[in-house]
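Single-structure report; data block below.
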Amino acid sequence: MYPNALTQLARANPFSAPLFTLQKVEEPSQSLAAEHGLSKRTLAAAAVAEGDSCEFGSSHYFIMCGIGGILSCGTTHTALVPLDLVKCRLQVDPDKYKSIFKGFSITIKEDGMRGLAKGWAPTFIGYSTQGLCKFGFYEVFKITYSDFIGEENTYLWRTSLYLAASASAEFFADIALAPMEACKVRIQTCPGYASNLRQCAPKMFAEEGLWAFYKGVVPLWMRQIPYTMMKFACFERTVELLYKRVVPKPRAECSKSEQLVVTFVAGYIAGVFCAIVSHPADSVVSVLNKESGSSAIGVLKKLGPKGVWKGLVARIIMIGTLTALQWFIYDSVKVYFRLPRPPSPEMPESLKKKLGLTE
C-alpha cells in the first residue's frame, strides 16, 4: 500500500522530470553534423523571429528587459504605497490598526491625505533597482541555465529552470532593494522619526552606520526569494496552461491585446500564491526595520505563529494586483519595443524521437 502511494506521489510531483520510456535513437556524430551544417540548438537561438528589434539573448535584449523591470516594479509599487503603508502598520502595531479600513481612517485623521504617500521616494528608487535586477537577471539566468542543461532537459525540467533562474536573480535584486526598503519602513512605521528620504537616510547612517540599511537583507531574501520563485514559475506555467486549456486558439493566432489579457490573468493568479508564501517573512521585515537593535529570530518569537499572518488580506489584494500589473507592464514593454517573445515551450523533435512520438 505505502510503496504504491509513494510512487503515485512521486509521479505527481510537478518539479520532477516526466517518467518517460526513452527509445534509443542514433544521434549524428559531431563531424557529420558539422558537414551538414547542423549545430547544437540553444534557447537563445530558438526564438529569433522576423520583425523583432533584436536577437533573443543579446545584450540589447537583456538591457531592454531590465528597463521593462524598472517600469513594471517601480511604478506599481509606488502606486500602491498607501496600501503598503497601512499593511506595514497593521503588522507592527495591530492593537492600534485593527483592520485595513481602520488603518486608512486613522492614518488620514492623524496625517491627512498626504500621510498616505509616506515612503513613496524610497519605494520608487528601491523597487526600480530591484525590478532592473529581478527581470533583467532572470532572463540572463534562464538562458544561461538552459544552455548549460541542453534543449531536452530545458523542456523536461522547465519548472525547475524557472525556479532556479528566478531565485538567482532575486538574490542580487534584494541586495539592491535593502537600503531603500529599510528607509521606507522606518518612515512609514516610526512617527516623528523622519518625514522623507532626505531626512531618514542620513539619520539612520549616523545612528547605526551602514548596517542599518542591510540588517534586513536576510529576512528580505526569506521573503522575496520564495515570492519571486513562485511569481515566475507559477506565471510561466499558468500562461502555458491557459493557452493549452482555456484560450480557444494558439498564441500565435492571438492578437497582442489578447495575449496581454492572458498575461494579466496569469500574473494575478501567481500574485495570490506569492502573497501567501512570502507573508510571514514580510511581517518580520516590517517589524525588524522599525525597531533598532532587533534581530530576525527575536522578532519571529515576538510575533508568534498568529502574529506573522497579520495583514494577510491586505497583502493578497496588494500583491495580486501588483503582480498582475507588473507582468502586464513588462510584457507591454516587450510588445512596444518589439522584443522577442518566445512561444510556450514545446517538446523538441529530438525528444519526440526518443519517446517514439514521431514516425
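When reading the values below, keep in mind they use all heavy atoms of this one structure, side chains included, and skip hydrogens, waters and symmetry mates.
Partners of F135 according to the ring-ring contact (aromatic ring centres under 6.0 Å, His included) rule, which considers only residues two or more places apart in sequence or in another chain, are F232, W327, Y330. With sequence neighbours excluded, the residues forming a salt bridge (Lys or Arg N to Asp or Glu O under 4.0 Å) with E240 are R158, R237, listed by chain and number. Residues that satisfy the salt bridge (Lys or Arg N to Asp or Glu O under 4.0 Å) test with D84, not counting sequence neighbours, are K87, K184. Partners of K102 by salt bridge (Lys or Arg N to Asp or Glu O under 4.0 Å), not counting sequence neighbours: none found. Residues meeting the ring-ring contact (aromatic ring centres under 6.0 Å, His included) test with Y336, sequence neighbours left out: none. Taking the salt bridge (Lys or Arg N to Asp or Glu O under 4.0 Å) definition, one finds that R89 meets it with D111, sequence neighbours left out. With sequence neighbours excluded, no residue satisfies ring-ring contact (aromatic ring centres under 6.0 Å, His included) with F104. A search for ring-ring contact (aromatic ring centres under 6.0 Å, His included) contacts involving W120 returns nothing, not counting sequence neighbours.
Side-chain atoms of D52 do not come within 3.5 Å of backbone N or O of C54 as any donor-acceptor pair. Under a 3.5 Å cut-off, the side chain of T76 and the backbone N or O of C73 do form a donor-acceptor pair. The closest donor-acceptor contact from the side chain of E181 to the backbone of G126 lies at 3.5 Å or more, if one exists at all. Using modelled atom types, no side-chain atom of T323 and backbone atom of G320 make a donor-acceptor pair closer than 3.5 Å. At distances below 3.5 Å, not a single donor-acceptor pair connects side-chain atoms of T263 with backbone N or O atoms of F328. Using modelled atom types, one side-chain atom of Q199 and one backbone atom of S195 make a donor-acceptor pair closer than 3.5 Å.
The pair R223-D174 does not meet the salt-bridge criterion, since no charged nitrogen lies less than 4.0 angstrom from a carboxylate oxygen. Between E139 and K334, at least one side-chain nitrogen of the basic residue sits less than 4.0 Å from a carboxylate oxygen of the acidic one, meeting the salt-bridge criterion. With respect to the salt-bridge test (charged N to carboxylate O, under 4.0 angstrom), the residues K352 and E346 do not qualify. The residues E349 and K354 are annotated as not salt-bridged, no charged nitrogen and carboxylate oxygen being separated by less than 4.0 angstrom.
Side-chain heavy-atom separations under 4.5 angstrom define the hydrophobic clusters, and W211 shares its cluster with no other residue. Through side-chain heavy atoms spaced under 4.5 Å, either directly or across other Ile, Leu, Val, Met, Phe, Trp or Tyr residues, Y127 is tied to L177, L220.
Counting all heavy atoms, side chain and backbone alike, L85 lies closest to L116 at CD1-O, 4.3 Å. Considering all non-hydrogen atoms of both residues, A169 and C133 come closest at CB-O, 4.0 Å.
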Could you pull out every donor-acceptor pair under 3.5 Å between side chains of residues 247-254 and any protein atom, sequence neighbours left out?
| residue | atom | partner | partner atom | Å |
| --- | --- | --- | --- | --- |
| K249 | NZ | E258 | OE1 | 3.3 |
| R251 | NH1 | P342 | O | 3.2 |

Set out, in order, the CA-CA distance, both residues' side-chain angles and the distance that settles side-chain contact (heavy atoms from CB on, under 4.5 Å) for V272 and I319, then state yes or no. CA-CA 7 Å; V272 173; I319 296 300; over 6 Å; no

Give the intermediate values and the outcome of side-chain contact (heavy atoms from CB on, under 4.5 Å) for residues F264 and D331. CA-CA 9 Å; F264 184 85; D331 219 22; over 6 Å; no

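There is no side-chain donor-acceptor pair under 3.5 Å between S166 and K231. Side chain to side chain, E170 and T228 meet the donor-acceptor criterion of an N or O pair below 3.5 Å. At a cut-off of 3.5 Å, with distance as the only test, no side-chain donor of H60 or E55 sits close to an acceptor on the other residue.
Atom CZ of F273 sits in a sparse spot, with 12 or fewer heavy atoms from other residues, nucleotides or ligands closer than 6.0 Å. The environment of F205 atom CZ is sparse: at most 12 non-hydrogen atoms of other residues, nucleotides or ligands sit within 6.0 angstrom.
Grouping the Ile, Leu, Val, Met, Phe, Trp and Tyr side chains by contacts below 4.5 angstrom, directly or via other members, places L132 apart from F137.
Separation of atoms CE (M229) and OG (S160) is listed at 9.0 Å; rounding is to 0.5 Å.
Residue pairs satisfying the salt bridge (Lys or Arg N to Asp or Glu O under 4.0 Å) criterion with at least one member in residues 121-131, sequence neighbours excluded, are absent.
Counting only heavy atoms from C-beta outward, the side chains of W309 and L312 approach each other to under 4.5 Å.
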